[in-house]
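First comes the structure, then the notes that go with it.
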There are 2 protein chains.
Amino acid sequence: MIKASPDNQNTRRRRDRSDIRDLLIESAIIEFAAHGFEGSSTRSIAERADAHQPQINYHFASKFQLWRATVDHLFELLDKTFSGIDEIEDPAESFAAGIRRLVYFAAEHPHLNRIIVQESSSSNPRMQWLTEVHVRPRFEQRRKLWRDLQEAGVAAPIPDELVHHVLIGAASQPYVSSSETELLLGLEQLDWALINAHAEGLVTTLLPGLDRLR
Amino acid sequence: MIKASPDNQNTRRRRDRSDIRDLLIESAIIEFAAHGFEGSSTRSIAERADAHQPQINYHFASKFQLWRATVDHLFELLDKTFSGIDEIEDPAESFAAGIRRLVYFAAEHPHLNRIIVQESSSSNPRMQWLTEVHVRPRFEQRRKLWRDLQEAGVAAPIPDELVHHVLIGAASQPYVSSSETELLLGLEQLDWALINAHAEGLVTTLLPGLDRLR
DNA sequence: GTCTATAATTAGATAGAC
DNA sequence: GTCTATCTAATTATAGAC
């Protein structure tokens, strides 16, 4: 309607926004997480940021490059959440802190895990880029630390080849499927007490030897 | 090419296949799991079954009803995997058997969990139907059994509100993201020994009191 | 029940005015 | 850098011959 009416040409005034790149990424986070790459449209992403669809091509050249910038941004947030964890000297306590932060991050930013799961559900160029650039370093580090903790008798008998995925799954599934979780529990939103109990429960369960060390 | 050429009208002969419904569902399982509902096209689904796109509307009336029939089919397979588990008298052993079968099913049929995750990533009519019809009964039963096992001192300190999702995540994540897992491990396919170690590891980890009972 | 043809809509990307 | 208009291709669904 608005578009068709020549009288309403002033409903959307021309405006320059220096933060438009960030706004488009914020919008893309929500759309890609909800509908996947193929299921998301650049039109919807632009509209959510109150922008026009061609602006995506201007600022990111293609839908794929917008997706990559979106994933890069989310991994930067993840890095911030984990900052300083290497300074914890005891490896068991460091891994425990990693579990807690993983749960908190998944609860606060479920979008990253949603995007990863949607892409890793099939083999495609996006999944390969994501795996090599962002996942592999975290996977290898976690695997090595886990082997050390198993030798020390602290860690549960989860195979080190799979501990990355088991941990990610156990930590993020309630939040990746948060609309399902909330519908099942009859809640508007998952509260902090439950998220905390989740995190502490995982620490105790995955590191049963931690108590003995304290 | 073939379509455009009038000489090649015999490249695809007319044929009636009584199993076309099942073939379309088999094809839909793969497409929906890989690309999600919105990212899958009825053309691709039909082509994979060597059928024409309008046959989907003839046999299922709409893309959505094809999706529902596909999910129903996968849950029937899940029920078969779990058949007879209620006859295990000891609740701890029954839950342990449930964990093992969940892992084996996720490894063999990762498509169901992929479809569930993709839909539960946003609130939509498909997610609501899926949750109420298929997920809720399993969720409630698992939650109640878990509470009993925690009171008996057998189960790990995972909150009963979240045990369904934590268990599903820990059991299925390596297979939902199997292309990622295989790329990271440099494997063509996850082998049986690893899948078995995964299942047994989860049983021991989630039911730490089980050994004492044996 | 299968198949071709096509309607109606929507997709990502581009051209060019401003 | 924003915006309108539009191109080409792909989408789901339907009509009608066989």
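A, B, ... follow the sequence lines: proteins, then strands. Residue 1 opens every chain. Quick caveat: nothing in here was measured; it's all calculated off a predicted structure.
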Mind calculating the distance between CD (Gln55(B)) and P (dT2(C)) to the nearest angstrom?
5 Å
Check: Ser120(B)/Ser177(A) side-chain N/O donor and acceptor closer than 3.5 Å
yes
Closest-nucleotide mapping onto DNA chain D: is Tyr58(A) or Tyr58(B) further toward the 5' terminus? I mean the 5' end.
Tyr58(A)
Rounding to a whole Å, what distance do you find between His52(B):NE2 and dA5(C):P?
10 Å
Identify the two heavy atoms, one from Arg143(A) and one from Glu161(A), that lie closest to each other, and give their separation to 0.1 Å.
NH2-CG, 3.4 Å
Is a side-chain donor-acceptor pair under 3.5 Å present for Arg21(A) with His59(A)?
no
Tell me the closest heavy-atom pair linking Gln141(B) and Asp86(B), and the distance in Å.
NE2-OD1, 4.0 Å
Gln150(B) (side chain) donor-acceptor with Ala156(B) (main chain) under 3.5 angstrom:
yes
Atom CD of Glu47(A) and atom P of dC3(D) are separated, to the nearest Å, by 13 Å
Short heteroatom pairs, N/O only, protein and nucleotides 8-12 of chain D, under 3.5 Å:
residue, atom, partner, partner atom, Å
dT12(D), OP1, Ser40(B), O, 3.2
dT12(D), OP1, Thr42(B), N, 3.1
dT12(D), OP1, Lys63(B), NZ, 3.2
dT12(D), OP2, Thr42(B), N, 3.0
dT12(D), OP2, Thr42(B), OG1, 2.9

Given atom CZ of Phe60(A) and atom P of dT14(C), what is their separation to the nearest angstrom?
16 Å
Starting at atom CG of Asp50(A), determine the distance to atom P of dT2(D), rounded to an integer number of angstrom.
12 Å
Whole-Å gap separating C1' (dT14(C)) and CD1 (Ile56(A))
15 Å
Is the distance between the ring centroids of Phe60(B) and Trp67(B) under 6.0 Å?
no
